[in-house]
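Data first, discussion second: the structure below is written as structure tokens.
Order of appearance sets the numbers: ligands from 1, and atoms from 1 within every ligand.
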Amino acid sequence: MTPFIMIIFGATGDLAQNKLIPALFSLYKENLLPEEFFIIGFSRRDFQNEEFRNYFEKEREDPKWKGFSKHLSYQSGSFEDEKPYIELSENLKKIDTEMGACITRFFYLATPPDHYRTILDKLVETKLSEGCGYPSKDFGKGNWTRMIIEKPFGKDLETARNLDKRLAQIFEEEQIFRVDHYLGKETVQNMLAFRFANGIFEPVWNRNYIDHVQITWAEKEGIGRRGKFFEGVGMLRDVAQNHIMQLLATVAMEQPKSFTKEDLREARAKVIKSIRCAEKGAVVKGQYEGYKKEQDVPNNSETETFVGMKLFVDTERFKGVPFYIRAGKKMPEDLVEISVVFIQTCHILFKEFGCPEIGNVITFRIQPNEGIKLRFIAKKPGAKLGLESVDMKFNYNETFGTRGLEAYQRILLDIFSGDQMLFNRSDELESSWKLITNILNNWEKEKEKIEVYKEGSWGPKESQELIEKDGKKWLESRKGGE
Ligand code: BG6
């Protein structure tokens, strides 16, 4: 692997602390990083290099941290001032000189989204966006510089379009990596293998056999110390616009023409374009009871920590099949799960013997206890005919003895190798922002009421009603992925 320099903007934030640095450290421990690499944290906090290295309390206990942390350094400064960028530029030149070459640069935007424009503008003004400034035959127009942008990519359709326009003025498309780390999850990629590598499921994967689809995205935790970030974002933008859309796309997409970046992104983009809100009132906005008392949250906050939705996917395959979504903080458990519920046929022959409420369901457990479960109906042992739903299970860890690469490890490795398959193309984002912006505008127009829900519950009762009025029910998960 070739040496690299990664500059992380927002390096003292939650994302860097909980995901990025731990993922880089794991790659280091697994010998998946090159011998020469430089990680430069860029943030407002007035840190020296050593303070930055000590900032990662959990990792610092590891005996290998010392070796890794030698690769970390820190650039303090405000994102609006030119000075720290100039210092950074000097520093990068120094590294290039010491290394005797132009080292690949990755600029990683891990700040709240309102800083993206400022940082991009400053990178242009200080010419940092141009890479090391001398052309290389191998990489064309300075393409060894890569720009990595975290979600949420903008605040709505307009800001997302503007951000994209700006990026296109500065970089080639091959240099731009729009992150949605859910695409890097093993379990999400496995859904593609499940659907397209197994001939037995595809014939029933359509509206003739599928009754509806449920997606649950639940976190036990509240917003913790991320009040400042979350207040300006909310659940719809933080999770629904990106992670949920990608989960839905993976269940509903058509088979890509080939397993390549172009065709996979094309299949995702097509299906996201076909998603629409089922009807007026098919979106529930909730907030957990204690949210207004959280750090950095104003006591009149209207920010949603829960969103419930009924969506349709207008393709030949899924026309008329409802997709029920619920995504929330302070839920009863940590759980991300997709259940494909098939049309019940038990009553055709067995009505008088008592059919279970639910017949066939395929559940993809994204996390925790990653796996897949197939529910079907079996005859209960005994002289009399009685029927019951039973489960057949596959668990990643039990089968493979590992849960695989953590999503950010996968994402980082792909950034290093320049593979954009698991990153958003701008039209995927444009379509999902269209849907989400419509919902946001409607909320504003209709002065949508926010429903308060008890912490540790599955959200406001309106979310239950959304599905129950269609004569269906949320499949309550059983603890621990049983
Ligand atoms: C992030 C959201 O994108 O995903 C967070 O901003 C959320 O609010 C996190 O907690 C969850 O990621 P994971 O990989 O732990 O499910």
_Whether Trp443 side chain and Ile450 backbone form a donor-acceptor pair below 3.5 Å_ = no
_Side-chain donor/acceptor of Gln295 to backbone N/O of Lys228, under 3.5 Å_ = no
*If you have a sec, work out which protein heavy atom is nearest atom 12 (O) of ligand 1 and how many Å separate them, to one decimal?*
His181 NE2, 3.2 Å
_Ligand-residue contact atoms, ligand 1 with Lys185, heavy atoms, under 4.0 Å_ = 13 (P), 14 (O), 16 (O)
*Do Ile5 and Phe107 come close enough that some side-chain heavy atom pair is under 4.5 Å?*
no
*What's the shortest distance from atom 16 (O) of ligand 1 to any protein heavy atom, and which residue and atom give it?*
Tyr182 OH, 2.5 Å
*Got more than 12 heavy atoms from elsewhere within 6.0 Å of CD, Glu30?*
yes
*Which of the ligand 1 atoms, numbered from 1, are nearer than 4.0 Å to a heavy atom of Lys151*: 1 (C), 2 (C), 3 (O), 6 (O)
*Looking at Lys329, which atoms of ligand 1 are within less than 4.0 Å of one of its heavy atoms?*
5 (C), 7 (C), 8 (O), 10 (O)
_Shortest protein contact, atom 15 (O) of ligand 1 (heavy atom only)_ = Lys19 NZ, 2.8 Å
*Take Phe306 and Tyr453 through the test ring-ring contact (aromatic ring centres under 6.0 Å, His included) and record every step on the way to the result.*
CA-CA 9 Å; Phe306 177 96; Tyr453 60 95; 5.6 Å; yes
*Does ligand 1 have any atom sitting under 4.0 Å from a heavy atom of Phe230?*
no
*atom 6 (O) of ligand 1: which protein heavy atom is closest, and how many Å away?*
Asp238 OD1, 2.6 Å
*asked:* With rounding to the nearest 0.5 angstrom, report the OG1 to OH distance, Thr159 to Tyr116.
replied: 11.0 Å
*Quick one: nearest non-hydrogen protein atom to atom 7 (C) of ligand 1, plus distance?*
Glu219 OE2, 3.3 Å
*Aromatic ring pairing Phe4/Phe416, orientation class (parallel under 30°, perpendicular over 60°, tilted between)*: parallel
*asked:* Less than 4.0 Å is my threshold; does some heavy atom of Arg226 fall inside it relative to ligand 1?
replied: yes
*At a non-hydrogen distance cut-off of under 4.0 Å, which region of His243 contacts ligand 1 (side chain, backbone, both, or neither)?*
side chain
